[in-house]
Amino acid sequence: MAFLSLFLHVSLLSWSAWAKVELTMHETVEVYLGDSAQIPCQYSFTDDNNEPSFVMIQWFVRAGGNTSRMRIFYSDGHQQMVDSNTDYSGRIQVTSDQQGIQLTIQDVQLSDEREFFCQVNGLAAGSAEGKTHLRVFAPPEAPVIEAVPTGVSVANESPSKVASCEAQNGFPKPNITWYRNGMPLMPSPGYVNVLILLTRESRGFFTVQSTLEYKVVKEDKDAHFSCEVSFFVPGAIRTVESNSVNITVHYPTTMVELWKESPQGLVKEGDTVELRCQGDGNPPPPFIFSREQEEDVELESSGDVLILSPVSRKDSGIYQCRPLDVDRYTDIKGEMQFSVHYLDPAVVIPKDSEVMLKGEDLTATCNALSSLKTSTVWYKDGKEVGKGNTLHLRDATYETSGEYICEVIVPSLPALHTSGSVHIIVQGGPQLTGVDQEVRMEEATGRMVNLSCEARGYPLPSISWNIIGSQNWYEVVSKANEHMTHSVISVKVTSDISAQCNASNDMGTEVKAFSIKAIPRVTTTAPFSPAEGSGVIIVVIILCLLLLAILGSVLYFLHKKGKIPCGRSGKQEITKEKTTKDDIVVEMKTNTKNEEAVLLKAVNGDKQGPNDK
Ligand SMILES: *[C@@H]1O[C@H](CO)[C@@H](O)[C@H](O)[C@H]1NC(C)=O
Ligand SMILES: *[C@@H]1O[C@H](CO)[C@@H](O)[C@H](O)[C@H]1NC(C)=O
Ligand SMILES: *[C@@H]1O[C@H](CO)[C@@H](O)[C@H](O)[C@H]1NC(C)=O
Ligand SMILES: *[C@@H]1O[C@H](CO)[C@@H](O)[C@H](O)[C@H]1NC(C)=O
Ligand SMILES: *[C@@H]1O[C@H](CO)[C@@H](O)[C@H](O)[C@H]1NC(C)=O
């Protein structure tokens, strides 16, 4: 509850006309609303010899613009009295000290801003009067700034409203100053207008509303605006600043950029290409996309993005985008060029397959049309056999035959690759494997010996054998694949053998000869020696004869008993029995018949086997 009364001006002396009293008052006393105000009134009687016996003191007030005064206090040697029924009844008191007296007003109101008169009357000792203007101050509330929510266009010819600022309930009237980036904005015709609306409310407070009209430029998009309220307080001027606000500035596009957002790097056929257009205008305008060669054909786009999917080589070219917020003829546009790269399927010459003669030369080519530099590698059986788009095959052998694959890649765009192939067939007469033309060997008599013959050639050779010296031979292996025929025979060595393997096709015949020298065997311990062998045969014959004799006896015995009709087969007997037996037997018969059929079939099969070979 600090009482703040400041002496703004040097005290002035007031001299009354019949000057025998010296009276001093401040010209003004300043005080905050609601505080107490002290108005001193100092006086002294100039004639020390004539001390007054009676001193009357009165206080009056006069409102601004009202000439009549109203007494609010009276005192003399006998009494002190606050006048009743005034604005000050019950709110004032007067105290005295050495220098004089002092009027104290409690709970100062805005209406207390008026002149207070102090009148001192000492009758014969003289009288005097002085006055003080009481000033009351109420600081306004903090200023509230508000920027226009809509964008402000730089195209507006005159200053447009950008913000408003309000300071409420101040006394006396506060001022509002505008700032842009901390620099005060002074009103300037055509650039800055400040419109002030001052309202006084019933309680006497002032509310100031200031509107800033400003001619925006593009740079103002980054500027911040603020307002400051300034107001008097006892003995000083105070200021309070508002928040900063920024505004949305609308300005036309002056430059447009077009670029490829995706894919990164080179574009190939089938890709999805995304082009993005961006200008420096605000708000971002819509764009139209077109190709350079057909500027009038608008491409379908969404906002600032043009999507081309899937692209082909004919989509290569120059693309443009234009903003729609500027005149068509200002020629503000973004431009970019891109190429769609491709790699066509490989064309291999010769096509599919090619037959060449043994010893011949051949050059194969593999070409794939591409927009970029390609690199070609030839493979055969998974191994690299050549580089470059031509492949030279010289002095063809059967090893030359096979599938040749050329792989074409684009080193700068690895996603592009293709391949082609050619099947090479080398034609020629049979060629037998094995270095020696004639194979010589020795083998013990009675042993089996394998002779092998493998022939390459195209068309595939057939192999025939010509054996002299043994009737006992057969083929154990006979196989062929697309490159070769292989035959192995097993020959029993009975005497010296001369064998020939004859491989032949349309292109020729080649023969490989074998000669086997039979070595007679003399060992007695060998279980399969010829001497031991004849002994075994004799034993077997004797055993057979014995078995025959036993069989004969059994057959004779059975015949005598009448169980088996002589010269008839078991089958006939069962058939005969069928007629005399009941149903159960019939079933048995059926089974037996089936078994017989299986048996007969097996026998026939066995017989057919050797015949087929
Ligand atoms: C002037 O003041 C007197 C006393 O306070 C009052 O009666 C009168 O109505 C006032 N006149 C005007 C014009 O305010
Ligand atoms: C308000 O502006 C007026 C006119 O420029 C000036 O006289 C006055 O002193 C200002 N008041 C404050 C509180 O700044
Ligand atoms: C104001 O400035 C802030 C920060 O710089 C920014 O985020 C905001 O978008 C701006 N507002 C306007 C209306 O420009
Ligand atoms: C001959 O070849 C056949 C089939 O490969 C084999 O089973 C047999 O053991 C061979 N005989 C000899 C004496 O090598
Ligand atoms: C090999 O076989 C071919 C065809 O079967 C025949 O013309 C040729 O005379 C035979 N050669 C020999 C040496 O047996």
Side-chain angles (χ1 to χ4, degrees), residues 4 6 8-9 28 30-33 110 113 133 135-143 165-179 183-189 192-200 204-212 226-242 433-434 439-455 463 465 467 469-470 472-481 484-497 499 501 512 514-519 521 526-528 613:
L4 291 162
L6 296 158
L8 252 186
H9 302 274
T28 57
E30 304 189 330
V31 66
Y32 279 111
L33 175 72
L110 289 186
E113 167 119 358
H133 192 146
R135 293 196 179 278
V136 183
F137 298 89
E141 288 163 26
C165 180
E166 187 177 73
Q168 286 186 330
N169 302 338
F171 191 91
K173 178 179 89 70
N175 284 351
I176 286 178
T177 316
W178 286 95
Y179 289 86
M183 302 295 290
L185 273 176
M186 293 306 168
S188 151
V192 181
N193 294 339
V194 176
L195 310 179
I196 296 163
L197 180 67
L198 184 71
T199 47
R200 182 149 199 194
F205 294 109
F206 290 105
T207 288
V208 189
Q209 223 179 356
S210 178
T211 302
L212 176 64
S226 61
C227 64
E228 184 188 72
V229 61
S230 60
F231 50 91
F232 291 108
V233 293
I237 293 178
R238 289 260 184 86
T239 58
V240 174
E241 211 177 314
S242 72
T433 49
V439 181
R440 295 179 175 279
M441 54 176 118
E442 297 185 340
E443 188 58 78
T445 318
R447 281 281 184 91
M448 298 299 288
V449 86
N450 279 355
L451 304 180
S452 170
C453 193
E454 204 176 70
I463 292 176
W465 292 90
I467 318 288
S470 174
N472 198 348
W473 66 274
Y474 52 93
E475 197 169 28
V476 291
V477 174
S478 168
K479 56 182 183 189
N481 60 24
M484 61 170 74
T485 311
H486 187 195
S487 173
V488 178
I489 57 164
S490 217
V491 184
K492 181 155 193 175
V493 182
T494 46
S495 60
D496 287 357
I497 294 169
C501 156
K512 184 177 176 182
F514 299 84
S515 91
I516 304 158
K517 189 168 170 54
I519 310 166
R521 270 201 279 197
F528 291 108
K613 279 183 188 171

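As a basis for the values below, the full set of heavy atoms in this structure was taken, side chains included, without hydrogen atoms, waters or symmetry mates. Atoms within each ligand, like the ligands themselves, are counted from 1 in listed order.
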Visitor: Going by a strict under-4.0 Å cutoff (protein heavy atoms only), does atom 2 (O) of ligand 2 have a neighbour on the protein?
Guide: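 There is a protein heavy atom less than 4.0 Å from atom 2 (O) of ligand 2.
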Visitor: Check this for me - ligand 2, S230, N or O atoms closer than 3.5 angstrom, yes or no?
Guide: yes
Visitor: I need the I196 CD1 to L198 CG distance, nearest 0.5 Å.
Guide: 8.5 Å
Visitor: Please report the interatomic distance CG(L185) to SG(C227), rounded to the nearest 0.5 Å.
Guide: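 Atom-to-atom, L185:CG and C227:SG are 11.5 Å apart.
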Visitor: So which of N175, V208, V233, T177 gets nearest to atom 10 (C) of ligand 2, if we judge by its closest heavy atom?
Guide: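 Among N175, V208, V233, T177, the closest heavy atom to atom 10 (C) of ligand 2 belongs to N175.
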Visitor: Under a 3.5 Å distance rule, please check whether E228 uses its side chain to pair with a backbone N or O of T177 as donor and acceptor.
Guide: no
Visitor: In Å and rounded to the nearest 0.5 Å, what is the NZ to OG distance from K517 to S495?
Guide: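 It comes to 11.0 Å.
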Visitor: Would you mind checking which non-hydrogen protein atom is closest to atom 12 (C) of ligand 4, with the distance to 0.1 Å?
Guide: N450 ND2, 3.4 Å
Visitor: List ligand 2 atoms under 4.0 Å from F231, heavy atoms only on the residue side.
Guide: 13 (C)
Visitor: Would you say atom 5 (O) of ligand 2 has a protein heavy atom nearer than 4.0 Å?
Guide: no
Visitor: Give the numbers and elements of all ligand 4 atoms closer than 4.0 Å to a heavy atom of M448.
Guide: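 Taking each heavy atom of M448 in turn, ligand 4 has 13 (C) under 4.0 Å.
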Visitor: Below 4.0 Å from any atom of ligand 4, is there a heavy atom belonging to V476?
Guide: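 Flag set, V476 near ligand 4.
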Visitor: Test your reading of the model: is there a side-chain donor-acceptor pair from T445 to the backbone of I519, 3.5 Å cut-off?
Guide: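 Such a contact is found between T445 side chain and I519 backbone.
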Visitor: Can you find a heavy atom in the side chain of Q209 that is under 4.5 Å from one in the side chain of T199?
Guide: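 Answer no - side chains too far apart.
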Visitor: What protein heavy atom lies closest to atom 9 (O) of ligand 2? Include the residue and the distance to one decimal.
Guide: F232 CZ, 3.7 Å
Visitor: Is the shortest heavy-atom distance from the side chain of S490 to the side chain of N450 under 4.5 Å?
Guide: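 Of all side-chain heavy-atom pairs linking N450 with S490, at least one is under 4.5 Å.
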